[in-house]
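Proteins get letters first, then strands, A, B, ... in listed order; numbering begins at 1 in each. Any value given below was found using the heavy atoms of this structure, including those in side chains, with hydrogens, waters and symmetry copies removed.
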2 protein chains.
Amino acid sequence: MLQYDSEAGRANGGRARTARASDARRAPDGLKHGVLPGLLGYQLRLAQLAVFRDFDQTMQDLGISPGRVGMLVLVGANPGLSQSRLALAVGLDRSTLVPVLDALERRGLLERRSGPDRRTNGLWLTVGGKRFLASVKRRIARHEQRFLELLTAAERDQLLKMLARLSA
Amino acid sequence: MLQYDSEAGRANGGRARTARASDARRAPDGLKHGVLPGLLGYQLRLAQLAVFRDFDQTMQDLGISPGRVGMLVLVGANPGLSQSRLALAVGLDRSTLVPVLDALERRGLLERRSGPDRRTNGLWLTVGGKRFLASVKRRIARHEQRFLELLTAAERDQLLKMLARLSA
DNA sequence: TATTGTTATACTCTATAACTATA
DNA sequence: TATAGTTATAGAGTATAACAATA
């Protein structure tokens, strides 16, 4: 799987290109992947795909995506949150959120109540939504565990810190 | 921005939940993000978004996505590659690839030539495609540089290794 | 005037199923 | 029968523009 692929070459400002070991080596699929394995964006993408694939399998029967779980968590942690604030927090346009919330409401996981302002909706988890979220959280813990097992505690801390630095 | 959000709780098999410092703290947007900042999948997603956002800006006038660049690199490194093998390598269905290749061919970046088999197309970069790819690679080098600057050389190696371990 | 939620619409990326031409 | 490429179609997920109600 490959969503990002390149050979960087001349990273050092005009000097002759330094061939890297990975440039000519063939991957398990018999193809040359060039410098890809050495590219941050590429490895980041592959790792993210692996983690999300496991997430999907973990949540299979619950039928919920990482993005939707994120919304439930935010509403759970910030009861009465408005749609616009939630949209901002999850990086979506507020119009995009409308059908998403419709679906979550139809599933009985959350509800829109009138907010402090007559323009505004406050978002709240239903009782069922809270129960659902608790179950999801337990599974997320197991899901995370599977990946954290691949790292030592020190590595785990370092990885999280480095990732946070990259996205800052 | 948030595509993945949760509070894990009980990661340790039934013992009482250990509250983490981040659980109640408010993020810069004034919202409680719960344990999110401590979740691997969440930080991975945020880092990937940041890197891809920078990639887009870097390639702005070239109008090419990470995924498309990956295809060009693979075709460049493996001339005569078949569509099916490319689809497999990039994790797409072979039917999905058809319109993508149509567009790249229309842009004059690659071409389908008859393959070893009369069912098969061989994919080749055009002269223009090679020139384009070379230009893209120079920009990728600068793009990568911006992120690698945030890490020491040792950290960079360690990060790439840890990411590879996660996706293995 | 500005903000909140909404609608209508469209674009991107992806998959599945069925087709054709080969093998 | 199986494989390579293609077509038609559909489903996520997202955005922009314009609107009504309210501030």
Side-chain angles (χ1 to χ4, degrees), chain A residues 1-5 29-30 45 48-49 52-53 55-56 59-60 62-71 75 78 80-107 110-124, chain B residues 1-5 29-30 45 48-49 52-53 55-56 59 63-71 75 78 80-107 110-124:
Chain A
M1 183 146 336
L2 235 189
Q3 296 293 336
Y4 187 144
D5 233 355
D29 58 8
R45 173 76 179 151
Q48 201 237 296
L49 282 173
F52 272 41
R53 194 156 31 235
F55 183 98
D56 279 348
M59 303 299 168
Q60 213 172 357
L62 296 183
I64 193 102
S65 68
R68 302 299 136 94
V69 168
M71 293 179 197
V75 173
N78 304 274
L81 187 59
S82 76
Q83 296 187 195
S84 286
R85 288 239 296 158
L86 177 57
L88 191 68
V90 300
L92 296 179
D93 190 89
R94 67 191 201 279
S95 71
T96 301
L97 211 58
V98 173
V100 174
L101 294 175
D102 288 348
L104 292 174
E105 208 169 13
R106 243 180 287 120
R107 284 180 69 174
L110 59 74
E111 54 185 16
R112 292 161 160 116
R113 298 193 201 152
S114 49
D117 187 304
R118 264 195 304 186
R119 295 174 299 182
T120 308
N121 289 334
L123 300 172
W124 304 78
Chain B
M1 183 144 338
L2 235 190
Q3 296 294 336
Y4 187 145
D5 233 353
D29 58 8
R45 173 76 179 150
Q48 202 237 296
L49 282 174
F52 272 41
R53 194 156 31 234
F55 183 99
D56 278 349
M59 304 299 166
I64 192 101
S65 69
R68 300 300 135 93
V69 169
M71 293 178 197
V75 173
N78 304 274
L81 188 60
S82 76
Q83 295 186 197
S84 286
R85 289 240 293 157
L86 177 58
L88 191 67
V90 300
L92 297 179
D93 190 89
R94 67 192 202 279
S95 71
T96 301
L97 211 58
V98 174
V100 175
L101 295 175
D102 288 348
L104 292 175
E105 210 169 11
R106 243 181 288 119
R107 284 179 71 173
L110 60 74
E111 53 186 15
R112 292 160 160 118
R113 297 193 202 154
S114 50
D117 188 304
R118 265 195 304 187
R119 294 174 298 185
T120 309
N121 289 335
L123 300 171
W124 303 78

S.K.: Does S84(B) place a side-chain N or O at less than 4.0 Å from the phosphate oxygens OP1/OP2 of dG5(D)?
M.R.: yes
S.K.: If I take atom CG in residue D93(A) and atom C1' in nucleotide dT9(C), what distance separates them, rounded to the nearest angstrom?
M.R.: 14 Å
S.K.: Identify, between P99(B) and V100(A), the residue whose nearest nucleotide on DNA chain D lies closer to the 5' end.
M.R.: P99(B)
S.K.: Quick one: does any side-chain atom of R68(A) pair with a main-chain N or O of V100(A) as donor and acceptor, under 3.5 Å?
M.R.: no
S.K.: Counting heavy atoms from C-beta on, name the nucleotide in dG5(D), dT4(C), dA15(D) closest to the side chain of T96(A).
M.R.: dA15(D)
S.K.: Using whole Å, what does the distance between atom P of nucleotide dC13(C) and atom CG of L49(A) come to?
M.R.: 15 Å
S.K.: L104(B) vs V75(B), test: side-chain contact (heavy atoms from CB on, under 4.5 Å). Steps then yes/no.
M.R.: CA-CA 12 Å; L104(B) 292 175; V75(B) 173; over 6 Å; no
S.K.: For dA23(D), does OP1 or OP2 lie under 4.0 Å from any side-chain N or O of R118(A)?
M.R.: yes
S.K.: Please confirm whether the shortest side-chain N or O distance from Q83(B) to OP1 or OP2 of dT3(D) is below 4.0 Å.
M.R.: no
S.K.: Taking side chain as C-beta onward, heavy atoms only, is D29(A) less than 4.5 Å from L88(B)?
M.R.: no
S.K.: Can you check the D102(A) CG to dG5(C) C1' distance for me, whole Å?
M.R.: 11 Å
S.K.: With a 4.5 Å cut-off on side-chain heavy atoms, are R85(A) and N78(A) touching?
M.R.: no
S.K.: From the set dG5(C), dA15(C), dT14(D), return the single nucleotide nearest to any side-chain atom of R68(A).
M.R.: dT14(D)
S.K.: What is the separation between atom CG on L81(A) and atom C1' on dG5(C), rounded to the nearest whole Å?
M.R.: 14 Å
S.K.: Taking only the side-chain heavy atoms of R94(B) (C-beta and beyond), determine which of dT4(C), dT6(C), dA4(D) contains the nearest atom.
M.R.: dA4(D)
S.K.: Considering heavy-atom distances to DNA chain C, does L101(A) or R119(A) have its closest nucleotide positioned more toward the 5' end?
M.R.: R119(A)
S.K.: Taking atom types as they are modelled, would you say the side chain of S95(B) forms a donor-acceptor pair with the base of dT14(C) within the 3.5 Å cutoff?
M.R.: no
S.K.: Quickly work out the L104(A) CG to dA12(D) P distance and round it to whole Å.
M.R.: 14 Å
S.K.: Provide, to the nearest angstrom, the distance between the CG atom belonging to L110(B) and the P atom belonging to dG5(D).
M.R.: 13 Å
S.K.: State whether the side chain of Q83(B) and the backbone N or O of N121(B) hold a donor-acceptor pair below 3.5 Å, judged by distance alone.
M.R.: no
S.K.: Whole Å only: how far is the CG atom of L92(B) from the P atom of dC13(C)?
M.R.: 11 Å
S.K.: Over how many whole Å does the gap from L123(A) atom CG to dT4(C) atom C1' extend?
M.R.: 12 Å
S.K.: Students often get this wrong, so: under 4.0 angstrom with heavy atoms, is R85(A) touching a base, only sugar-phosphate, or nothing?
M.R.: nothing
